[in-house]
Amino acid sequence: MYLRIKEKMQRHETQYFILLAFIGIFMMAFCSYTSPAYYFDTSPDNNAFFTVGKAMMHGITPYKDIFEQKGPYVYLLHGLAYLVSHRSFILIFVVEIGVLVAAMILTFKIARVMKLAELPAFLVAMLSPMLFLYHPYYNYGDTVEFFTLPLLLSLIYLIFLLDQHQLTVSPWWFFAQGLFVGIVFLAKYTLLGAWIAFYLAYGGYLLVKKQWRLLGQLVLWSGAGFLLATVPWLIYFLATGSLGSFINVYILFNTKVYMTSSVSFFSNLIQSTILVANFYLSDVFFFLLGVGGTLLILFQRTILTRRLTRVLYLLVFLGTDLLALYGYQTGSLYQYYQLVYFAFFVVPFIYFLNLFFNWVRLPSVDDPFIILSTLVLSFFLVLGVNDNVTVSRLFPNNAAITKRSTRKPQQPAQVEFGNIMRQQSAHPTLLNYGSIDMGFYTAADAVPTTYYFQNYNIPEKAAPQILRAQRRVIQRHQVQWVVLNTPTKQSVREWAGNKEIPGRISSGNLNPGTSKLAKSLYRHYRLVKVHRQVFEQVDVKYWLFERKG
């Protein structure tokens, strides 16, 4: 065993992967809000996932007992993170490192099947984090889109293997893809476009060509992977009597309420196409790699030699791009939805860099100077496309932490309020009013006691029961603590919401208004603390109220 490990450690590829792992740790420490280098992960979505995951670990059933509209795999991951650390995202940070390293390794693997030698393939992998951490598409980190990147890269790698091995690969590849389909389906199903296109096109080809053995492998092995990923959840929902709630929230609410467009299927595709085209035309870099690079793959027969695999690549590319934005309109689109597009920058990225490497004539053996220089350049490029580090602990008392003019070390509102709540009660009950989870449940280690523990990015008229239920909790003073926010220049009694988007959360994760709620709030609760900090370029004031008596 020792000799086998020693032999593997001496292989170039193993040494490359170890170095890529260290690069992944270093990059994520600077770029992800889940990193210990940050005071607190203030992302609303991340904290919402963590809150529901925490609730799951306390026996509360998602969709049935607590409302949130992502898939159950997202909550399971964050529930495990809660078990590791009740008030931090350290496990998510480790997972994000694994995701980035997997994406770099798959970039290396794809480069190798594109006939690059080991050194240039390794250099490409070292430079690839700039694609995966491109801000604001990679924003706070911890998104389903980011976790999906290596899964998409594995599908692209599979297409190259099919191209080079006469459409014959180990059936375990199909098992893995079926497993990924099941996981993505129960995480965020709008990211399934690549696999839908792949299975329809490849399965249709095998059917037309009557290649029954390969078709049987595709269906049976992929089906086995899919069932492994989905059947345990079916059993869970049946055992907890929550299958109907799961369908109503995860499927029906997402398609009928959360998606902003209600036009026909064809019209939604046209709308999605417009949004995708706008993305590629918004930046020369995106156009070069996305449009120019895809055309290069289709027309340059030395990259993918078979017509079928070129068609598969095109359809997988289009399926991902179109379905990721299906049902959304301009103005309601969040840029992190488009991070999955960057998986399809990898092959053109490899091709163009290889042209450069051939021009400069890289040595055939490892050169420490070239590797170190590329590492420095990669870090420089990542900082050029992702400036998250400016709100980390490396910049004490930055605006995202406090707006106080002081040299005394400060903490964000989440940590400050969380400390107060935990000091006052061992098991605080809390309501986050009017906005997406702001992280106070996480900081206070509070388990939600209300179905609608947060609000959502939808107009109040689309789901009036959410804010109605939250106001009822305050009127009946059913929780010990209430946290809400207002613009920094307005008080709780003054804040009536954004008039341009009435009844909806506005920039800075500001709630739809507190003025109508103020009388009931101040009758039953007393103000304990106020804290100012910037969130998404908006100067926000956070208010902590405690129940009287």
Side-chain angles (χ1 to χ4, degrees), residues 13 16-17 20 101-128 131-132 148-181 193-206 209 211 214 217-218 221-222 225 289-290 292-321 340-355 357-358:
E13 193 172 271
Y16 287 157
F17 293 169
L20 290 178
V101 173
M104 288 191 286
I105 289 174
L106 282 164
T107 299
F108 175 87
K109 291 285 190 180
I110 294 170
R112 291 291 285 150
V113 298
M114 291 176 63
K115 304 298 189 296
L116 272 71
E118 280 192 336
L119 179 58
F122 178 56
L123 299 182
V124 172
M126 290 176 66
L127 292 168
S128 65
L131 300 177
F132 311 130
T148 303
L149 283 174
L151 309 186
L152 286 171
L153 289 172
S154 76
L155 182 59
I156 294 171
Y157 184 50
L158 173 58
I159 292 173
F160 274 88
L161 293 179
L162 290 170
D163 182 73
Q164 296 187 6
H165 295 91
Q166 291 75 48
L167 305 183
T168 302
V169 295
S170 168
W172 286 104
W173 270 102
F174 300 133
F175 178 84
Q177 296 306 315
L179 182 69
F180 297 159
V181 168
W195 288 277
I196 293 173
F198 173 80
Y199 278 104
L200 288 177
Y202 188 49
Y205 171 84
L206 295 177
K209 295 294 184 179
Q211 298 191 27
L214 291 178
Q217 282 187 350
L218 178 69
W221 284 83
S222 297
L289 291 182
T294 302
L295 290 175
L296 184 69
I297 294 165
L298 297 179
F299 301 149
Q300 176 62 269
R301 298 190 179 187
T302 59
I303 300 176
L304 289 169
T305 60
R306 294 173 176 270
R307 180 177 296 177
L308 171 64
T309 49
R310 292 199 298 273
V311 170
L312 283 177
Y313 185 90
L314 174 63
L315 292 178
V316 165
F317 167 81
L318 292 175
T320 299
D321 287 12
V340 288
Y341 297 176
F342 288 73
F344 296 92
F345 291 173
V346 168
V347 175
F349 188 69
I350 294 169
Y351 182 83
F352 290 132
L353 280 179
N354 191 45
L355 292 179
F357 294 149
N358 289 334

Do any N or O atoms from the side chain of Asn358 and from the backbone of Asn354 form a donor-acceptor pair under 3.5 angstrom?
yes
Results of side chain to side chain contact (heavy atoms under 4.5 Å, CB included) for Leu151 - residues two or more places apart only
Phe180, Val184, Trp195
Separation between CD1 (Ile350) and CZ (Phe357), nearest 0.5 Å, reads 10.5 Å
If you compare all heavy atoms of Pro150 against all heavy atoms of Ala102, which two are closest, and at what distance to 0.1 Å?
CB-CB, 4.0 Å
Distance-only criterion, 3.5 Å: show the donor-acceptor pairs between side-chain atoms of residues 199-206 and protein atoms not counting sequence neighbours.
| residue | atom | partner | partner atom | Å |
| --- | --- | --- | --- | --- |
| Tyr199 | OH | Ser222 | OG | 2.8 |
| Tyr202 | OH | Leu167 | O | 3.2 |

Rounding to 0.5 Å, atoms OG (Ser128) and CG (Leu20) come to a distance of 7.5 Å
Sole residue of Val346, Val347, Ile110 in side chain to side chain contact (heavy atoms under 4.5 Å, CB included) with Tyr157
Ile110
Say you draw a straight line from CG of Leu158 to OG1 of Thr309; how long is it, rounded to the nearest 0.5 Å?
11.0 Å
Are the side chains of Leu296 and Phe352 in touch, meaning some heavy atoms are under 4.5 Å apart?
yes
Please examine the side chains of Tyr16 and Ile105, heavy atoms only from C-beta on, and report whether any two atoms are closer than 4.5 Å.
no
What's the separation between atom CZ in Phe345 and atom CZ in Phe132, rounded to the nearest 0.5 Å?
11.0 Å
Looking at Leu152, Thr148, Leu155, which hits side chain to side chain contact (heavy atoms under 4.5 Å, CB included) with Thr320?
Leu152
What pair of heavy atoms forms the shortest contact from Phe17 to Lys109, and how long is it?
CZ-CE, 4.1 Å
Measuring only between side-chain heavy atoms, which start at C-beta, is Ile297 closer than 4.5 Å to Tyr351?
no
Give, for atom CG of Leu308 and atom CD1 of Ile159, the distance between the pair rounded to the nearest 0.5 Å.
9.0 Å
Over all heavy atoms of both residues, which pair between Val124 and Thr107 is shortest? Give the atoms and the distance, please.
CG1-CG2, 3.8 Å
Tell me the closest heavy-atom pair linking Tyr313 and Leu304, and the distance in Å.
CB-CD1, 3.9 Å
Please report the closest heavy-atom contact between Glu13 and Phe108, naming both atoms and the distance.
OE1-CE2, 3.5 Å
Looking at CZ of Arg301 and CZ of Arg310, how far apart are the two atoms once the value is rounded to the nearest 0.5 Å?
5.0 Å
With under 30° as parallel and over 60° as perpendicular, where do the rings of Phe317 and Phe344 fit, or are they tilted in between?
perpendicular
Worked check of side chain to side chain contact (heavy atoms under 4.5 Å, CB included) between Leu123 and Leu353:
CA-CA 9 Å; Leu123 299 182; Leu353 280 179; over 6 Å; no
Could you go step by step and tell me if Met104 and Met126 meet the side chain to side chain contact (heavy atoms under 4.5 Å, CB included) rule?
CA-CA 7 Å; Met104 288 191 286; Met126 290 176 66; over 6 Å; no
Residue pair Phe160 / Met114: nearest heavy atoms and the distance that separates them
CE2-CG, 3.6 Å
